[in-house]
Amino acid sequence: MKAERLVAAVCLAWLVLAAPTEGQYPVMTEQEAVQALSGSDLAARGRAVGLALELGRGAGPDLRAALVRAALEEARGETGRPNTGEAAFENLTYYAEALAPLQEPTAIPFFLEIIGFGTGAANALADIGAAALPGVLKVVTAPTDPINEVYSGLKVLRFMVEDGWPGPQELAAIREAAHGCLTGRQYYLTIRHAMFLAVALADPELLAIVATLASDRSAVDALLKTFSNRFRESSIETIQKAARGLLSGTHTPFPERRPWSERG
């Protein structure tokens, strides 16, 4: 929650600093915003995103389509603006804030591009629902980034399970993804989020794996992949503590699922 509030504060500060003084710019229409999002004027693109953010679900189909296209261009570094680093994080989060309430399936590729940015992208993908599931499963099972993408994808899958819509076929695919993350060598955060997903699924075989991790230090040691052994002991202890807490009901998985419309 603290991280999400920090992101929200950063975005708000960016908006305040970027906002023109009264009378500096004329009011932008939706059609002008559509044109701006297709152009190379980055300041105009920012104003167009601001209009979409203001309109929310009232944005028309042309503006929605232009916003999705522009967001993906930004995420892939196709506008000449960097798509990595702090400035890119702020810029792409701004696009995400405008897109998430729309729950547009066409925005799935954008949110998959920024899935490692935090819970906002995870919530947005879970809000979109079934249409996002194939892409999220691919992120977890065949990632290009084996750290941020995998554990972020596991968050989305848990949110979807908690939402209650997946049927038997979808649950089987989600279970398989969780099983793979609990049986192959993984990084610390991946193991933790895979355990959270296992508990959400309430699958007996997955819960048995979590129980083994809770009681058998060597099982965690064999599963844990690290860049360095410096924090290995503390990571093993933390994983085991979380596993015991999950099984006893005294540890709450984090972050909690909160639809975009309910986040403040």
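Just so it is clear, the model here is predicted, and its values are computed rather than measured.
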Are a donor atom and an acceptor atom from the side chains of [X] and [Y] found within less than 3.5 Å of each other?
X: Glu73; Y: Thr79; value: no
X: Thr226; Y: Ser228; value: no
X: Arg45; Y: Ser38; value: no

Distance in Å, [X] [atom1] paired with [Y] [atom2], rounded so as to fall on 0.5 Å steps:
X: Leu63; Y: Glu32; atom1: CG; atom2: CD; answer: 12.0 Å
X: Ile115; Y: Phe110; atom1: CD1; atom2: CZ; answer: 12.0 Å
X: Ile128; Y: Leu102; atom1: CD1; atom2: CG; answer: 9.5 Å
X: Asp221; Y: Leu213; atom1: CG; atom2: CG; answer: 11.5 Å
X: Phe111; Y: Phe117; atom1: CZ; atom2: CZ; answer: 11.5 Å
X: Tyr95; Y: Leu67; atom1: OH; atom2: CG; answer: 7.5 Å

Do [X] and [Y] come within less than 4.5 Å of each other through their side chains, counting heavy atoms only?
X: Arg192; Y: Ile239; answer: yes
X: Gln186; Y: Lys225; answer: no
X: Glu205; Y: Arg175; answer: yes
X: Val156; Y: Leu133; answer: no
X: Tyr187; Y: Phe227; answer: yes
X: Leu206; Y: His179; answer: yes
X: Asp163; Y: Arg158; answer: no
X: Leu72; Y: Glu78; answer: no

Kindly say whether [Y] contributes a backbone atom to a donor-acceptor pair with the side chain of [X] at under 3.5 angstrom?
X: Arg217; Y: Gln240; result: no
X: Thr250; Y: Leu246; result: no
X: Asp41; Y: Ala44; result: yes
X: Glu90; Y: Ala87; result: no

> Taking NZ, NE, NH1 and NH2 as the nitrogens, is one of them in Arg257 or Asp127 under 4.0 Å from a carboxylate oxygen of the other?
Replying inline: yes
>> I'd like to know if Arg57 and Glu104 make a salt bridge, using a cut-off of under 4.0 Å between side-chain N and carboxylate O.
In response: no
Heavy atoms only: give me the nearest [X]-[Y] pair and the separation to one decimal.
X: Pro109; Y: Pro105; value: CD-O, 4.3 Å
X: Val199; Y: Leu207; value: CA-CD2, 4.0 Å
X: Ile114; Y: Ala96; value: CD1-CB, 3.9 Å
X: Met195; Y: Ala242; value: CE-CB, 4.1 Å
X: Lys155; Y: Pro255; value: CD-CD, 3.5 Å

>> Between Tyr151 and Tyr188, is the ring centroid distance below 6.0 Å?
In response: no
> If you group Ile, Leu, Val, Met, Phe, Trp and Tyr by side-chain heavy-atom gaps below 4.5 Å, do Leu197 and Leu171 land in one group?
Replying inline: yes
> Around Glu176, counting heavy atoms of other residues, nucleotides and ligands shown, do more than 12 lie under 6.0 Å from its CD?
Replying inline: no
